Every structure is written in structure tokens, then in C-alpha cells.
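The model shown is predicted, which means the values in this text are computed figures rather than measured ones.
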Amino acid sequence: MTAAGRILRLSADNMEEAIDTAVSVFLRGGIVALPTDTLYGISTLLPFSDRLYALKQRPFEKPLGIFLPSPTSMKLVSKQTISDELANCLLPGPVTLMFERLPTLPAEFNPGVANVACRVPDCPIVSMICRKLGQPLAQTSANVSGSPLNPTSIDHFKDLQPYIDLILDNGQIVSTGEGSTIVDLTVESKFRIVRSGCAEKETMKTLKSFGLTEIS
């Protein structure tokens, strides 16, 4: 740990410690910065989502997404419109899938928003933390809202670090520097690309191979 215990550099030897420390911070209502397969994100438990909006200076009209431990978890928070086979082809990976939310989600999370954006990154530590918590995490990128810099290193969000309770540092993320591809799947057998992101071409190919048609 460095910086008064806030930064934990990840290694094979301290993965369990990192997971336990993150879970402890989350259960206290804290914010954790953590690596994904695209960018560094910031997360907290769903009832404390307002902390992420305040930290990022993010307008409430821009809903947060959620981290889940596995594709099968999507059914616990949303009205999944695709087969499990297709879900497992897309996830884990750099894709965010949007469905109609279930009323089981806390009212404090994205109040008034009918849909939920589900993310299962191809980054084991995120899944392990969610699994140990037994609940999803509110999530967004680790930068100020509207910033042109996509954070692939913890050095990219130094301005936010004093307000983050724990930072899990996995070094430089090797990626295109784009966020995940966001797909609206609220209409059965249809899809709409909400954000191109880093995996649009591959995602569209997979969706079409399962018979889904694109809507504009």
C-alpha cells in the first residue's frame, strides 16, 4: 500500500488481500478505482451511487452502469432478452448490454431510469469482488465527466485520487483507450448500438449471427 493506504499495486501474491480490502471498503459505502479490460473504472455499492456522480461532476441524466460477476447474473437485475448462449459469446468482454431493469434494483440507483447497463469485464478481479460481495456494483470510468482523456493508467486520474478510498493499480491497461461498446437490447430480437466503443464490429457480427437485426 502507498499514499496513506489508498493505492494497492496488484500482483499474483496479493490478489486475495486486494479483494478482501476492496470488499471491506465497499461495505463501508466507499469508492474503489479498479482496472477493467478497457479502462480504469470507479465503483461503489448501488445505494451509494450518488457518490460517483459527485466525484465525477456527472449530470444525473447520464445513468451509471453496473458490474456483475458473470453473464448469468444479468437475469437477477434485468429482463434479459437474449439467450444465455449469446450472452456467453459476448461476455466477459468489452461490451455493455442494456436491458429493462428489474424492480429488485435499489431505488437509489439511477432513479427514474427504466433500463440498466450490464458490464462483465474480462478482468477476473472485478468478477471476484462482485462474487465475494454477493451484489452488483455501480460503475463508471475513472475521470471527470466530459473529460477527453480515457484512463488506462492510474496517473490519468490523479485529480480524483484524493477522493477515492482505494485504488487497485494493475499498471497500464493495454487497450485501444476506448470504452466498452454499449448495445441496447431492450427490444427482443433487435439491437441498437448506443456507443461504438472498442468492439463494435465484433459485437455486431456476433449479434447478427444469432439472428438479431439492427435498429437505428
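When every heavy atom of M74 is checked against every heavy atom of F99, the shortest pair comes out as SD-CE1, 3.6 Å. In terms of heavy atoms, P69 sits closest to S127 at O-OG, 3.2 Å. Across T181 and A199, no two heavy atoms sit closer than the pair OG1-N, 2.8 Å.
Proximity of P59 to S145: side-chain heavy atoms (C-beta onward) are separated by under 4.5 Å at one or more points. Counting heavy atoms from C-beta outward, I31 and I164 have side chains that approach closer than 4.5 Å. Residues F191 and M204 meet the side-chain proximity criterion, which asks for heavy atoms closer than 4.5 Å. Side-chain contact between F109 and P136: absent, with no pair of heavy atoms (C-beta onward) separated by less than 4.5 Å. L64 is not listed as a side-chain neighbour of L46, based on a closest heavy-atom distance of 4.5 Å or more. Counting heavy atoms from C-beta on, the side chains of R131 and S70 come closer than 4.5 Å. The closest side-chain heavy-atom distance from I66 to R101 is not below 4.5 Å. Contact of the I125 side chain with the I19 side chain is registered, since non-hydrogen atoms from C-beta on lie closer than 4.5 Å.
Under the 4.5 Å side-chain contact rule for hydrophobic residues, V25 and M15 share a cluster. The cluster map of Ile, Leu, Val, Met, Phe, Trp and Tyr, joined by side-chain heavy atoms under 4.5 Å apart, puts L97 and F210 in the same cluster. By the criterion of side-chain heavy atoms lying less than 4.5 angstrom apart, applied directly or through intervening Ile, Leu, Val, Met, Phe, Trp or Tyr residues, V183 is grouped together with V116 in one hydrophobic cluster. Put simply, L149 and I167 are part of two different groups of oily side chains (I, L, V, M, F, W, Y) that touch within less than 4.5 Å, one to the next. Residues F48 and L27 fall within the same hydrophobic cluster, defined by Ile, Leu, Val, Met, Phe, Trp and Tyr side chains chained together at heavy-atom separations under 4.5 Å.
Here the straight-line distance linking atom CE of M128 with atom CG of D20 works out to 11.0 Å at 0.5 Å rounding. If you take CG on L137 and CD1 on I42, they are separated by 12.0 Å, rounding to the nearest 0.5 Å. Residue S175 holds its OG atom at 8.5 Å from CG of D37, rounded to the nearest 0.5 Å. With rounding to the nearest 0.5 Å, the separation of CG in L76 from CG in L68 is 8.0 Å. Rounding to the nearest 0.5 Å places OG1 of T21 at 6.0 Å from CG of L8. From E61, atom CD reaches atom OH of Y53 across 9.0 Å, with rounding to the nearest 0.5 Å.
Side chains of D184 and T186: a donor-acceptor N/O pair is present below 3.5 angstrom, by distance only. Side-chain contact check for E178 and T38: no donor-acceptor pair (N or O, by modelled atom type) lies under 3.5 Å. No hydrogens or angles considered: nothing links the side chains of S147 and K56 as a donor-acceptor pair under 3.5 Å.
Within 6.0 Å of atom OH in Y163, 12 or fewer heavy atoms from other residues, nucleotides or ligands are found, so the atom counts as exposed in its surroundings.
Not a single donor-acceptor pair under 3.5 Å links the side chain of D84 to the backbone N or O of T72.
Ionic pairing of D169 and R6 is not present here: no N-O contact between side-chain nitrogen and carboxylate oxygen is shorter than 4.0 angstrom.
Grouping Ile, Leu, Val, Met, Phe, Trp and Tyr residues whose side-chain heavy atoms lie under 4.5 Å apart, directly or via other members, places I182 in a hydrophobic cluster with M98, V194.
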Would N110 and L105 count as a side-chain contact (heavy atoms from CB on, under 4.5 Å) if you check the C-alpha gap in whole Å, the side-chain angles of each, and the deciding distance to 0.1 Å? CA-CA 9 Å; N110 293 342; L105 285 172; over 6 Å; no
Could you please spell out the steps behind the side-chain contact (heavy atoms from CB on, under 4.5 Å) verdict for T206 and V95? CA-CA 12 Å; T206 300; V95 184; over 6 Å; no
Go through it in stages, so that I can follow the logic: the residues are L55 and L160, the test is side-chain contact (heavy atoms from CB on, under 4.5 Å), and I'd like the CA-CA distance, side-chain angles, deciding distance and then a yes or no. CA-CA 7 Å; L55 177 59; L160 300 183; 3.9 Å; yes
Please step through side-chain contact (heavy atoms from CB on, under 4.5 Å) for the pair L102 and V77, ending with a clear verdict. CA-CA 5 Å; L102 290 179; V77 298; 5.7 Å; no
